[in-house]
Amino acid sequence: MLLRGATSVQGVDGTVHDVRRPVVALCRCDKSSRLPFCDGTHKVIPRR
Ligand code: FES
């Protein structure tokens, strides 16, 4: 999921992450090593 124009993102643990890019990708598969951001891991997860 792409998020445009955000200045911060809050993770499920309540941690607030500053956003310095105009567009960031958020993880929706919950497998990223950089949660809440997507690190591309979803590409190697088998589909159900
Ligand atoms: S959506 Fe989870 S790693 Fe990309």
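Whatever order the structure lists ligands and atoms in, that order sets their numbers, starting from 1. Sequence positions, counted from 1, serve as the residue numbers for this chain.
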Taking 2.8 Å as the limit, list every protein N, O or S atom around atom 4 (Fe) of ligand 1, by chain and residue number. C38 SG, H42 ND1

Do C27 and K31 come close enough that some side-chain heavy atom pair is under 4.5 Å? no

For D18, what residues pass the side-chain hydrogen bond (donor to acceptor under 3.5 Å, both in side chains) criterion, not counting sequence neighbours?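 If we apply the side-chain hydrogen bond (donor to acceptor under 3.5 Å, both in side chains) test to D18, skipping adjacent residues, there are no hits.
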
Rounded at 0.5 Å granularity, tell me how far CG in D30 sits from CD1 in I45. 9.0 Å

Side-chain (D39) to main-chain (S32) donor-acceptor, under 3.5 angstrom: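 Here the side-chain-to-backbone pair does not exist.
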
Apart from F37 itself, what residues make up its hydrophobic cluster when side-chain heavy atoms of I, L, V, M, F, W and Y under 4.5 Å apart count as a link, directly or indirectly? M1, L3, V9, V19, V24, L26

Please name all residues satisfying side-chain contact (heavy atoms from CB on, under 4.5 Å) with T15, sequence neighbours left out, ordered by chain then number.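 Scan of T15 (side-chain contact (heavy atoms from CB on, under 4.5 Å), adjacent residues dropped) gives D13, H17.
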
